[in-house]
> 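Take this structure first; my questions come after.
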There are 2 protein chains.
Amino acid sequence: MALTDPTTRPAGPIVHPFIAKLDGFVALTEEAKAALKQASLGAHLIGPRIDLLREGDMPEGGILITEGIACRYKHRANGARQITAYLVPGDTCDLEFHPFREMDDAIATVSACRVARISAATLNELVAGHPTVAQALRMTALVDKATLREWLLNIGSRSAMERIAHLFCELFVRLQTVGLTAEDGYVLPMTQSDLADTAGLSSVHVNRSLQSLRRQGVIDLKGKNLTILDWARLKTIAEFKANYLHLGDRAAA
Amino acid sequence: MALTDPTTRPAGPIVHPFIAKLDGFVALTEEAKAALKQASLGAHLIGPRIDLLREGDMPEGGILITEGIACRYKHRANGARQITAYLVPGDTCDLEFHPFREMDDAIATVSACRVARISAATLNELVAGHPTVAQALRMTALVDKATLREWLLNIGSRSAMERIAHLFCELFVRLQTVGLTAEDGYVLPMTQSDLADTAGLSSVHVNRSLQSLRRQGVIDLKGKNLTILDWARLKTIAEFKANYLHLGDRAAA
DNA sequence: CCGAGCGATTAACACACGTTATAGACGTGC
DNA sequence: GCACGTCTATAACGTGTGTTAATCGCTCGG
């Protein structure tokens, strides 16, 4: 029963991942949910590999991803790129909005995405009118920071294979909470070059590490389909603990 | 005139770095300043290398550093440690507080520190009663996140020497805004082993990189006294841009 | 149907960085 | 004044990862 209960383990993508996410952190009132629904109307479809915001931009409002995967990244003068976060459906950026702030990094789609822009005005209304929303948004900011710290640990102290395993674990858990995983895998739209820029590795070495994970029978990766053949092993390799995502009882088994 | 004007370039440590920091982000009302002063009373002196919060703790409130330098860090099972942030006077942690949240990392002093604990109750009063404080706190959270992203770029894509140079640049600018730098240097309480755990390097290689910076005449480091002999060069090596700190016109020259 | 381009793969080689070990310098407590 | 621990420094050696480059397979546009 529990396995098929759509409220605990959705069979497909959930309709309003953002509302579900916030509601998971802080129980929202019905009015708050309605307001959020209203605010996330008018999402646009945007193709893959498109910049949503660039370094130096002064966004009027924030961004909400409702479908697809996007990323935050920074560029160096020599052309090197560091991806600092992945945004999955339900994730936002710059909702903890502050006027007159210049972007110090950029945001781009990885796969095609559905993106809603939320203006500063509606954001202020949301926060002012719905304390539960304000509290939940503060929680998302905390989780964002905790995730950045975990990535720092990942890049700073783990080996190449461990880093990639950790990323795969994190994405599995995060996508699972929005109903975007199959039982044993998910769609991974990043290229090996993206993974390299995420993990602080060269794309050649990412390939080597993937081969190693494959040879050990831990994963299978064909095209954009990642299958996790041995979840326990993957978690062990990555030394993955989901506590930093602060999912509470929504955490995956 | 401008150089000696204590409001723009304080000659010594400023008395309430936290208030100055928030006021720099969002102009605070006099009542807000008074309330913040009240809240930060009763700071305790704590020795070096003492844990303030441990992973798994459920802090009742937040922490404010008024003197000394502390750090956030995470441990791995194999004993490896990753330092994810340094807290200088005026910095806080977990003020964007959320009830029933378990720490997913730890906080410890590096040098001896003066530390104020701010309870959830006074924090709620501050935020509810002073919108400017709430807004400024949101800004600090944004800067924290931007700093984490910059660190990710640092560790993920820069060489050993560049990473260390970047850290030295960042600390110089941050300490300067709270009046804790000399004209050409500051006190660096971290050991080389700390720097290693910060930059994702071995302590041996940190030493090698420091020697290299010394040989080039960029820095001098005797004991805990860091002297920057060639600031322009150091910035170039680190490819340092202070924009992610969002200091506006408080940024160093 | 063909060429162009991008992504994945693999090989060969180079080097930045890690590991282990030892010794010296410094402070600190007894 | 001595023993001790901690931090810095340096050497020798090993290796994980980067670099360059070539090949192969797709997909997509014409």
> Would you call B:D105 and A:K145 a salt bridge, using N to O less than 4.0 angstrom?
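A:K145 and B:D105: not salt-bridged.
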
> At under 4.0 Å between heavy atoms, which parts of nucleotides 18-30 of chain D does protein reach? Answer with one letter per nucleotide, 5' to 3': B base, S sugar-phosphate only, - none.
BBB----------

> For the atom pair SG (B:C71) and CZ (B:R49), what is the distance rounded to the nearest 0.5 Å?
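Rounded to the nearest 0.5 Å, the SG-CZ separation comes to 7.5 Å.
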
> Flag yes if more than 12 heavy atoms outside B:R54 fall under 6.0 Å of its CZ atom; otherwise flag no.
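Incorrect, the count does not exceed 12.
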
> Please state how far atom CD1 in A:I164 lies from atom P in C:dA8, giving the value in whole angstrom units.
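Going from A:I164 (CD1) to C:dA8 (P), I get 12 Å.
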
> Return the 5'-most residue of the pair B:L210, A:S159 with respect to DNA chain D, ranking by each residue's nearest nucleotide.
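Per heavy-atom nearest nucleotide, the more 5' residue is B:L210.
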
> Look up atom CG in B:D144 and atom OG1 in B:T92, then write down how far apart they are to the nearest 0.5 Å.
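B:D144 atom CG to B:T92 atom OG1 measures 6.5 Å (nearest 0.5 Å).
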
> Quick one: are B:Q82 and B:I155 in side-chain contact, heavy atoms under 4.5 Å?
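Yes, side chains in contact.
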
> Are there more than 12 heavy atoms of other residues, nucleotides or ligands under 6.0 Å from atom NZ of A:K241?
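Open.
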
> To the nearest Å, how far apart are B:M161 CE and C:dC15 P?
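Going from B:M161 (CE) to C:dC15 (P), I get 17 Å.
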
> D:dT17 P sits how many Å from A:Q211 CD, rounded?
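A:Q211 atom CD is separated from D:dT17 atom P by 16 Å.
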
> I want to check one thing: is the phosphate of D:dT8, taken as OP1 and OP2, less than 4.0 Å away from some side-chain N or O of B:N207?
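No, no such contact exists.
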
> All N/O contacts under 3.5 Å from nucleotides 24-29 of chain C to the protein, with atom names and distances to one decimal?
none

> Classify B:R214 by what it touches in the nucleic acid, base, sugar-phosphate, or nothing, heavy-atom distance under 4.0 Å.
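Sugar-phosphate contact only.
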
> Does any non-hydrogen side-chain atom of B:I107 lie less than 4.5 Å from one of B:D94?
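They are in contact (side-chain heavy atoms under 4.5 Å apart), so the answer is yes.
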
> Are side-chain heavy atoms of A:I65 and A:R114 found at a separation under 4.5 Å?
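A side-chain contact under 4.5 Å is absent here.
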
> Sort out for me which residue in A:E150, A:K235, A:E239 forms a side chain to side chain donor-acceptor pair (under 3.5 Å) with A:H166.
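Single side chain to side chain donor-acceptor pair (under 3.5 Å) partner of A:H166 among A:E150, A:K235, A:E239: A:E150.
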
> Roughly how many Å is it from CG in B:L195 to P in D:dC7, rounded to a whole number?
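That distance rounds to 12 Å.
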
> Just how far, in rounded Å, is P of C:dT9 from NZ of A:K222?
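Whole-Å distance recorded here is 11 Å.
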
> Distance check needed: C:dC6 C1' versus A:Q192 CD, whole Å only.
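My rounded result for the distance is 12 Å.
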
